[in-house]
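Order of the sequence lines fixes the chain letters, A, B, ..., with proteins taken first and strands second; residue numbering starts at 1 for each chain. This one's a predicted model, so the numbers in the text were calculated from it and none came from an experiment.
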Protein chains: 2
Amino acid sequence: MVNSRLSVAIHVLSLIAITSDKSQLTSDFIAGSVNTNPVVIRRMIGMLKKADLLTSQPGIAGYELLKEPKDITLFMIYEAIDGPKQLFTIHEEPNPACHVGQKIQQSLEASYTSVWRAMKEQLQAQTLQDVLDQLR
Amino acid sequence: MVNSRLSVAIHVLSLIAITSDKSQLTSDFIAGSVNTNPVVIRRMIGMLKKADLLTSQPGIAGYELLKEPKDITLFMIYEAIDGPKQLFTIHEEPNPACHVGQKIQQSLEASYTSVWRAMKEQLQAQTLQDVLDQLR
DNA sequence: TTGAGATGTAACTATAATAGTTACAACAGG
DNA sequence: CCTGTTGTAACTATTATAGTTACATCTCAA
């Protein structure tokens with residue numbers, strides 16, 4: 001099983017998108033909705049800020065999206081939260097004296113590339129707006 | 001990053017597939033090619049046996065595939081080694097009193113399903129034979 | 001029939017990733 | 001100045017993975 005950062009990030013962005021009274025959006029309030037610690041939220045928001053997905057100011061409650069929900073793909077969020085850049089790890093240093101060990105890494109690389117591409121395409125095909133539509 | 005069990009499993013199965021002298025295939029020999037501990041190999045082979053991908057006998061060196069490489073998809077191997085059944089974890093117990101918290105889980109479920117399906121299709125589209133062809 | 005070499009498996013350890021938590025500096029605004 | 005907030009560093013707890021040790025059990029040949 002993989003981490004839940006993507007899920008939390010989508011949750012946070014959804015909350016910001018549908019909340020009109022931005023001053024209501026403290027890290028404490030968001031943490032209450034996600035059911036986690038406010039610092040976990042602030043840490044994650046730091047990553048989303050670095051990716052230019054939202055903005056905030058020290059000392060002032062409230063966050064604002066920097067893009068329209070329809071222009072934020074799930075893959076953009078995935079990259080923002082520093083999701084793994086491959087789905088499967090390839091074991092290190094197989095024996096080069098062995099016919100299989102010698103070439104297995106590049107063979108696996110080729111096989112995994114198409115899987116990664118398919119996964120990426122699906123994440124790019126969905127936007128935050130799609131998630132918001134599903135919330136109704 | 002995710003575990004390397006799939007890579008190791010494919011390595012092991014490839015080795016068994018291309019080795020004609022089966023008595024050469026001890027867990028020690030395989031571990032030497034993969035560059036890991038023999039017990040790691042035996043543990044993994046136990047999983048592959050449970051999935052009816054190969055056979056072996058206590059005390060006797062050697063493993064044999066139970067299916068043709070062209071009939072073993074990478075997804076079959078993925079399932080054999082007990083790969084995660086979803087790509088992304090959904091955080092537990094979001095606040096039901098919150099409009100987003102209340103529905104986010106099923107919304108994420110829907111979004112993630114298509115990603116999982118795409119990944120699965122790619123793993124099903126490739127077989128051990130494809131990997132063997134790439135090794136040449 | 002015994003000893004060497006193999007598999008099967010349980011149990012323990014080491015390491016790394018993730019999430020949760022504590023603490024505190026810095027800032028805003030009444 | 002005081003309260004409430006963001007931003008961040010540092011520590012802890014938990015979990016997954018891989019590596020390791022140990023040993024029961026089996027096969028086969030000397």
Does anything in residues 16-41 of chain B reach DNA chain C, meaning a heavy atom under 4.0 Å, and if so which residues?
B:Leu25, B:Thr26, B:Ser27, B:Val39
Rounded to whole angstrom units, what separation is found between the CG atom of B:Asn3 and the C1' atom of C:dT18?
16 Å
Close N or O pairs between protein and nucleotides 24-30 of chain C (under 3.5 Å):
none

Would you mind reading off the distance between B:Met44 atom CE and C:dT9 atom P, rounded to a whole angstrom?
15 Å
Interatomic distance, B:Lys50 NZ vs C:dG8 C1' [rounded to whole Å]:
10 Å
Under the ring-ring contact (aromatic ring centres under 6.0 Å, His included) rule, what pairs show up with a residue in residues 3-47 of chain B, not counting sequence neighbours?
A:His91-B:His11
Going by the side chain to side chain contact (heavy atoms under 4.5 Å, CB included) test, name the single residue among B:Val131, B:Leu132, B:Leu54 that passes it with B:Leu13.
B:Leu54
Look only at the side chain of A:Gln24 and the backbone of A:Thr19, and say whether a donor-acceptor pair between them is shorter than 3.5 Å.
no
How many whole angstroms separate atom CE of B:Met47 from atom C1' of D:dT17?
11 Å
Distance-only, no hydrogens or angles: does the A:Lys85 side chain make a donor-acceptor pair with backbone N or O of A:Glu79 under 3.5 Å?
no
What integer distance in Å separates A:His91:NE2 from D:dG19:C1'?
15 Å
Answer yes or no: side-chain N or O of A:Arg43 and base N or O of C:dT21 forming a donor-acceptor pair under 3.5 Å.
yes
In short, the helix from C:dT1-D:dA30 to C:dG30-D:dC1 is bent end to end, axes from five pairs each side, to 10°, by 0°
Heavy atom of residues 73-81 of chain B under 4.0 Å from DNA chain C: which residues?
none
Mind listing the residues from residues 5-12 of chain A sitting with a heavy atom below 4.0 Å of DNA chain C? Number order is fine.
A:Arg5
